[in-house]
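All chains are named by letter (A, B, ...) in the order of the sequence lines, taking the proteins before the strands, and each is independently numbered beginning at 1. Just so it is clear, the structure is predicted and the values come from calculations on it, not from any experiment. Below, all heavy atoms of this structure are taken into account, side chains as well, without hydrogens, waters or symmetry copies.
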Protein chains: 2
Amino acid sequence: MKIGELAGRTGLNASAIRYYEQVGLLAAPHRASGQRRYADDAVHRVRLICFASEMGFTLGEIKIFLGGLRDDAPVGPRWKKLAERKIVEVKRTIERSVRLKSLLEHLLRCHCASLAICVERLSLSENLKRIRSGKVVKGKI
Amino acid sequence: MKIGELAGRTGLNASAIRYYEQVGLLAAPHRASGQRRYADDAVHRVRLICFASEMGFTLGEIKIFLGGLRDDAPVGPRWKKLAERKIVEVKRTIERSVRLKSLLEHLLRCHCASLAICVERLSLSENLKRIRSGKVVKGKI
DNA sequence: CTAGAAGTTCAAGCTGACTTTAGGTCAAGC
DNA sequence: GCTTGACCTAAAGTCAGCTTGAACTTCTAG
């Protein structure tokens, strides 16, 4: 399979696949006259990477946990450790988002004379403090 | 108040405040011998910006909605429109995160022989499709 | 045989929200 | 008067995860 087909079958861009190879997420496949030729299981591997990426793992993390790990290897303790850390992160995201949502809904309904008053009324500064103390990196899942 | 004090009182870095001024979020204050001197209400304005930022609005959005808007102006229809759009986004984030969390929790508990099998068993490909079709930008709130 | 689609490399560019650096000016305390 | 720390500007650097561009080669259909 050439890179274009792999791209088509995984929904990625060919350049993304080359990039994954470049950063060590994907082993360099064998080549026919300079062009990459992938075995069928590459599709699976790439999908696994996509999956982990969708799960919120960074490529760096995925690299660590896929390093030397074959797709048919058991779910190891390292994976589990990372999953544990991620669960904490995701929980924080959920809490934060729920709070955010209720604040936004208030903003929609409210009859406050000004943004400033609205913010005060909600004692948002307190919310803000809580959000901040959570040290949730803005926008990060 | 000099920039350092404003920074201290808002929890921001002085360079971030200069940056906000640069991108038009903050009006240029009057100067004493070249140095910025802020009135007390600047603290409030900066906190409002932080608040919106924490709420997941981009600086570009905040700029639009603060453009010509005084802190004591009523919460206008433009704010509300943006809030509506944001609520949709935040809802998606919540759904996605909840799904993510349960997947991760499964990963912790599971006895699947391999990641591949584990992923199959959860019919994650289906989840993946759903996640993707939501067109949620990865990692974005 | 030839056009053009698809492959290659390497380097640079993009987004967002800042931070850092370099090189200078100003203010306050001793 | 001198030192030290806070301030100034402009430009470049940072992070992730790619994408794009330039310049070139290889494959495939007609």
For this session: Could you tell me the separation between the CE atom of B:M1 and the P atom of C:dA27, rounded to a whole number of Å?
Result: 18 Å
Exercise. How many angstroms lie between OH in B:Y19 and CG in B:N13, if you round to the nearest 0.5 Å?
Worked result: 13.5 Å
Exercise. What is the distance from CG of A:N13 to P of C:dC14, rounded to the nearest Å?
Worked result: 18 Å
Exercise. Hey, does the side chain of B:R18 reach the backbone of B:I3 with a donor-acceptor pair shorter than 3.5 angstrom?
Worked result: no
Exercise. Side chain of B:T93, backbone of B:E89: donor and acceptor closer than 3.5 Å?
Worked result: yes
Exercise. Choosing from D:dT9, D:dC18, C:dG7, which nucleotide comes nearest the side chain of B:R18?
Worked result: D:dT9
Exercise. Could you state the CD-P distance from B:E21 to D:dA10, rounded to the nearest angstrom?
Worked result: 11 Å
Exercise. Just how far, in rounded Å, is C1' of C:dA17 from CD1 of B:I49?
Worked result: 13 Å
For this session: For B:E61 and B:T58, indicate whether the former's side chain and the latter's backbone hold a donor-acceptor pair under 3.5 Å.
Result: yes
For this session: Identify which nucleotide among D:dT19, C:dG7, C:dA17 has an atom closest to any side-chain atom of A:S15, counting heavy atoms from C-beta outward.
Result: D:dT19
For this session: Take atom CD of B:Q22 and atom P of C:dT19, then tell me their distance rounded to the nearest Å.
Result: 12 Å
Exercise. At under 4.0 Å, does any side-chain N or O of A:K63 touch on OP1 or OP2 of D:dA16?
Worked result: no
Problem set entry | Angle between terminal axes - the helix from C:dC1-D:dG30 to C:dC30-D:dG1, 5 pairs each end, rounded to 10° | 10°
For this session: Keeping the roles fixed (side chain from A:S53, backbone from A:I49), state whether a donor-acceptor pair exists under 3.5 Å.
Result: no
Seminar exercise, completed: Between CD of B:E5 and P of C:dA27 the distance, given in whole Å, is 17 Å
Exercise. Once you round to the nearest 0.5 Å, how far does NZ of A:K81 lie from CD of A:E84?
Worked result: 7.0 Å
Exercise. For C:dA27, does OP1 or OP2 lie under 4.0 Å from any side-chain N or O of B:S33?
Worked result: yes
For this session: Verify the contact: side-chain N or O of B:Y20 to OP1 or OP2 of C:dC18, cut-off strictly under 4.0 Å; return yes or no.
Result: yes
For this session: Can you tell me the distance, in whole Å, between the CG atom of A:L25 and the C1' atom of D:dG17?
Result: 11 Å
Exercise. Can you find a side chain N or O atom of A:R36 that sits less than 4.0 Å from OP1 or OP2 on C:dT9?
Worked result: yes
Exercise. Nearest-Å distance, CZ (B:R37) to P (C:dC26)?
Worked result: 12 Å
Seminar exercise, completed: Result for 5'-nearest mapping on DNA chain C, choosing between B:G60 and B:G34, is B:G60
Exercise. From C:dG7, D:dG17, D:dC7, pick the nucleotide closest to the side chain of B:Q35?
Worked result: D:dC7
For this session: Can you sort out the partners of B:R85 under salt bridge (Lys or Arg N to Asp or Glu O under 4.0 Å), two or more places apart, ordered by chain and number?
Result: none
